[in-house]
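Remarks on the structure that follows.
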Amino acid sequence: MHVNCDCCADTASPHLGRRRLLLGAVGVLAATALPNDVVRAAAPAARTSLSPADALKLMKEGNENFRNEAPSLAANGRERRLELARGQAPFCVLVGCSDSRVSPEILFGRGLGELFIVRNAGNTVDTAALGSIEYAVGVLGVPLVVVLGHQSCGAVAAAVDVVEKNASFPGVIGEMVQPIVPAVLEARSQGGDLLEASVRSNARRVAKRLTTQSLVIKDALTAGKVSVVGARYGLSDGQVEWMEDI
Ligand SMILES: [Zn+2]
């Protein structure tokens, strides 16, 4: 029970619990329907002023610097931390794989507050991921979405094994890689190294689907406020290959 609080006479319905529930409800609304009043209420004071083209240029330059082992210029110090505590204005949504070798901030030489990251094995987009991306684009005003696949992706390899060998996996791993199967089927019809082709196909298809299945992203695209691109990271050479024409 809380001091000076008459709304929670019993401990089964704490004050904070109600507040969290309400805030959570607003969050869900903002991530799905995004009516204008909710967007205005949830939007931070400042958004990035970068255009989609500027944002992509920064990502390309960052990867170039990483490959050349240039000293990182990313601002991660106390001053930057204090600035960010007042609000975030990231310039890129990065949809990437959970693989420990594909850490977005490192690959692109970025610092605190710059990348809004969604990660899971196989860089797919489910409802939680889509809501996160829509929040970044629709509420935070992020001008770029990058869907990043990578060389030798284990999740894509698992989807290849499902297609080629009817493989099964423990727990819900099989269910998790199921959305990658159409990319493998598409890649198989094209010939070449099936795993590599599937990685590219998966990144491109996920990016394309964002542009066709999300009203929030579609609206931002129509207004010229966002770009959505696919990409593929090479584990050995550190290079990101861009798929801008999805
Ligand atoms: Zn992976």
Side-chain angles (χ1 to χ4, degrees), residues 56 59-60 62-67 90 92-110 114-133 136 142 144-211 213-214 228-246:
L56 184 56
M59 293 296 277
K60 287 179 177 176
N63 178 243
E64 192 71 21
N65 290 339
F66 166 71
R67 283 179 56 225
C92 176
V93 179
L94 196 296
V95 182
C97 183
S98 301
D99 193 300
S100 61
R101 301 163 293 182
V102 192
S103 303
E105 272 99 349
I106 296 175
L107 307 189
F108 296 99
R110 309 316 326 172
E114 296 193 297
L115 304 183
F116 193 97
I117 297 171
V118 174
R119 284 180 86 172
N120 56 51
N123 44 272
T124 57
V125 171
D126 59 8
T127 304
L130 181 58
S132 303
I133 299 164
V142 176
L144 176 66
V145 180
V146 176
V147 180
L148 181 70
H150 68 96
Q151 180 186 356
S152 305
C153 180
V156 177
V160 168
D161 284 348
V162 167
V163 171
E164 297 272 272
K165 304 171 190 164
N166 200 22
S168 60
F169 303 93
V172 295
I173 297 172
E175 202 178 315
M176 180 192 71
V177 302
Q178 204 58 41
I180 307 173
V181 167
V184 177
L185 295 174
E186 181 184 271
R188 194 163 65 164
S189 69
Q190 295 164 354
D193 182 306
L194 184 56
L195 176 54
E196 277 305 302
S198 300
V199 163
R200 287 179 171 83
S201 172
N202 184 45
R204 190 183 294 107
R205 287 171 64 94
V206 170
K208 180 75 183 171
R209 208 161 57 237
L210 291 177
T211 68
Q213 292 187 357
S214 162
V228 181
V229 302
R232 177 263 185 196
Y233 172 69
L235 294 178
S236 40
D237 63 11
Q239 182 157 18
V240 171
E241 169 193 323
W242 298 93
M243 295 177 258
E244 293 175 48
D245 186 20
I246 55 167

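If you're wondering where the values come from, they're calculated on a predicted model, not measured in any experiment. Order of listing sets the numbers, starting from 1, for every ligand and every atom in it.
In I106, the CD1 atom is not crowded: 12 or fewer heavy atoms of neighbouring residues, nucleotides or ligands sit closer than 6.0 Å. Within 6.0 Å of the CG atom in D193, the count of heavy atoms belonging to other residues, nucleotides or ligands exceeds 12.
Electrostatic pairing of R200 and E196 counts as a salt bridge here, judged by a charged N lying under 4.0 Å from a carboxylate O.
Residues I133 and S214 fail the side-chain proximity criterion, which asks for heavy atoms closer than 4.5 Å. Side-chain atoms of L130 and Q213, non-hydrogen and from C-beta on, never get closer than 4.5 Å to each other.
Taking CZ of R101 as the reference point, atom CG of L235 lies at 4.5 Å (rounded to 0.5 Å).
Take a cut-off of 2.8 Å around the Zn ion (ligand 1): the protein N, O or S atoms inside it are C97 SG, H150 NE2, C153 SG.
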